[in-house]
Amino acid sequence: MSEKKPEDKSGDLSEQEVVRREKMRNLAEAGVDLFPHKIAVTHSIQEIVSAYSESSGEDLEAAGVHVVIPGRIVSIRKMGRAMFFHIKDSETKLQAYLRADKIGQGKYELFSSIDIGDMVAVEGDLFKTRTGELTILAQDWTFLAKCLHPLPEKWHGLQDVELRFRKRHLDLIVNPDTARIFRLRSRIIAGIREYFNGRGYIEVETPMMHAIPGGALAKPFQTFHNALGMELFLRIAPELYLKRLTVGGMNKVYEINRNFRNEGISTEHNPEFTMLEFYEAYADYNDMMEMTEELIHDLAVELLGTDQLTYGEHTISLKRPWKRIKFMEALSEYSGLAPSRFDNRDSIIELAVTLAGEGAAPTYGKALDVIFDKHVKPHLVQPTFVMNPPKEISPLAKASPDNPDEAQRFELMVAGMEIANAFSELSDPDEQRKRFEQQAEARKKGDEESHVIDEDYINVLEYGLPPTGGEGVGIDRLVMLFADRKSIREVILFPLLRPKT
RNA sequence: GGGCCGUUAGCUCAGAGGGAGAGCACCGGCCUUUUAAGCCGGGUGUCGCUGGUUCGAGUCCAGCACGGCUCACCA
């Protein structure tokens, strides 16, 4: 191994990167610790700004607020023997004022080896400038970290969508909205935990690796366990495991975790996504609707201060109760097809095939689903519970007591997106076996998303699943709604990207 | 997977057959309450890649790569 010094690579570096490495050497030669182990700071920028931004200059001076604050330098304005710069933490900026006469000639000149992007701690007293901006007058500064690459442009930030996702750290440094979205996401998830914990639920973790992929209709990712010599699948849903817990007497459980689906990537789909699933014994899908309204409405009021969401060009009202409509009624209302048209099953399948292409709609139920997605979903902007879809496309749901072809199930649609899906859980093991067999039949006909027969799960049901309501909520899509983002990638820190070649 | 669009300096972008450009950033100089600081001077580049057409290609053509939008797919 040849011991190449970093500067040997200077041929590959841009001029700005070479300059930054030179400046780093200058600091080292001046005795600065380039990678300090521990710095005694007194406050975060966020703490200082929220505590003192409203204080008057006189009050600040009288109080003599002496602090040491760390941050990343995001702008510098040099003015001869003095300079202003802003330091920033994830969402807040604070101005610092450095004067040669105040801090001393040596420390002032050493600062010329500091670049935008570097991290420093500034020590000094708070004051207000002529324009009223809260500022720290530096008595000293400490080097924290060198940024060896130039930062994106200060005004436009980082616009390139691909770069924003590939270099999320940079996106977070220069685009304040990004940090805000992910803080909102964190608060939404914390709020959900609070809601369920407060209702006596317990949070659980079930396997991510399944021997049989189940709980949803989707194509799985495949992997292999060497020691067991066994094919495994990344889970497409936790559903079947959570219901095992209900059989075991854990009457209220929820899980917030990742699901993996080996399907297309789009503005609404990422191969790994976060799902909330919850199950409550002695509840049914009506209870699930009540809880869903309450959870999402209250979260919006608490986190956004309103039950009116702005989503793109839409205003979405979360005022309860939300619209409820039966699947078949929604179909005839929005598709423009006469209700009688749906009696002719072959013609419906034919229509779905023209809409979605060959192989997309092998059965009547699937065909209805295709027509729904195409003609109904885009219209459902205000929160709408679409109830009682065909049993055939709901293999884990109880049939409706008053119509054996319908499932006691709903999907929550908001802004044309499916946000949640819930049902009264099918508990009859023999009926479940029949449903699996029908799914297996569809699978044989080429429907890769159909369920496979899960004997183990049927055996679990044979021990007795009480009447239970269960629901899955797409967390990423919920965050999209709350954060007013049209792409799921804006709300996932590291969305899946093709490796850079 | 199909269609449309994009890929030019570190970033944001203009350039549509013949001199590689602007703003920010960067480098040098001036400047002690500025804040998209200002003033003077400096262009730092494999124009995504590979071929082709042409006297001449960032520009036209083909293929490829990556990305965005959209359609399809998608509990």
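Values below: all heavy atoms of this structure, side chains included; hydrogens, waters and symmetry mates excluded. Numbered from 1 within each chain, the chains take letters A, B, ... in sequence-line order. Remember, it's a predicted structure, so these values are computed and weren't measured experimentally.
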Span that lies between the [atom1] atom of [M] and that of [N], in whole angstrom:
N     : M     : atom1 : value
B:G17 : B:G51 : P     : 25 Å
B:G10 : B:G1  : P     : 31 Å
B:U7  : B:C64 : C1'   : 14 Å
B:U33 : B:G21 : P     : 38 Å
B:G43 : B:C4  : P     : 42 Å
B:G28 : B:C69 : C1'   : 45 Å
B:A62 : B:G68 : P     : 24 Å
B:C27 : B:U70 : P     : 41 Å

Is there a donor N/O on one and an acceptor N/O on the other, under 3.5 Å, for the side chain of [X] and the base of [N]?
X      : N     : value
A:Q16  : B:A25 : yes
A:T129 : B:U34 : yes
A:Q95  : B:U34 : yes

Report the nucleotide, chosen from [options], that has the shortest atom-to-atom distance to any side-chain atom of [X].
X      : options             : value
A:V19  : B:C27, B:U34, B:U12 : B:C27
A:R77  : B:U32, B:U34, B:G68 : B:U34
A:R130 : B:C69, B:U12, B:U33 : B:U33
A:F127 : B:U12, B:C11, B:U33 : B:U33
A:P150 : B:G67, B:C13, B:G10 : B:G10
A:R498 : B:U70, B:U12, B:G67 : B:G67
A:A82  : B:C26, B:U33, B:U32 : B:U32
A:K23  : B:U12, B:U33, B:C27 : B:C27
A:R489 : B:U33, B:G68, B:G23 : B:G68
A:E162 : B:C11, B:C66, B:U32 : B:C66

Just name whichever nucleotide pairs with [N], Watson-Crick or G-U, keeping both distances under 3.5 Å, else none.
N     : answer
B:G18 : B:C55
B:C69 : B:G3
B:C64 : B:G48
B:U34 : none

Salt bridge or not for A:E17 and A:R21, using N-O below 4.0 Å? no
field: Salt-bridge contact A:R324-A:E290 (side-chain N to carboxylate O under 4.0 Å)
entry: yes
Inset, instruction - Kindly say whether the aromatic ring centers of A:H375 and A:Y334 come within a distance under 6.0 Å. - result: no
The answer to which of A:L396 and A:L497 contacts RNA chain B further toward the 5' end, by nearest nucleotide, is A:L497
Select base, sugar-phosphate, or nothing to describe what [X] touches, counting heavy atoms under 4.0 Å on all strands.
X      : result
A:I236 : nothing
A:K78  : base
A:L158 : sugar-phosphate
A:G472 : nothing
A:E17  : nothing
A:R477 : nothing
A:T267 : sugar-phosphate
A:R261 : sugar-phosphate
A:F273 : nothing
A:P395 : base
A:D101 : base

Starting from [atom2] on [N], measure out to [atom1] on [X] and report it in whole angstrom.
X      : N     : atom1 : atom2 : answer
A:M83  : B:G38 : CE    : P     : 16 Å
A:N26  : B:C27 : CG    : P     : 11 Å
A:D369 : B:C73 : CG    : P     : 11 Å
A:N175 : B:U12 : CG    : C1'   : 12 Å
A:L496 : B:G68 : CG    : P     : 11 Å
A:E268 : B:C73 : CD    : P     : 14 Å
A:L163 : B:C66 : CG    : P     : 16 Å
A:H149 : B:C26 : NE2   : P     : 16 Å

Closest heavy-atom pair and its distance - A:E277, A:A237:
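Closest approach of A:E277 to A:A237, heavy atoms only: OE2-CB, 3.9 Å.
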Is a side-chain donor or acceptor of A:K398 paired with a backbone partner of A:F423 at a separation under 3.5 angstrom?
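It does not hold such a pair.
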Item to complete: Give a yes or no answer on whether the side chain of A:W322 reaches the backbone of A:M289 with a donor-acceptor pair at less than 3.5 Å.
Response: no
- Task: Pull up the glycosidic torsion of B:A16 and say syn or anti, syn being anything within 90° of 0.
- Result: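 Here the answer is syn: the torsion falls within 90° of 0.
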Taking the six-membered ring of A:Y241 as reference, does the cationic atom of A:R244 (NZ for Lys, CZ for Arg) lie under 6.0 Å from its centre and within 45° of its axis?
yes
- Counting only heavy atoms not in A:M208, do more than 12 fall under 6.0 Å of its CE?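 It does: A:M208 CE has more than 12 such atoms within range.
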Partner of A:R409 under side-chain hydrogen bond (donor to acceptor under 3.5 Å, both in side chains), picked from A:S394, A:S424, A:S400, is A:S394
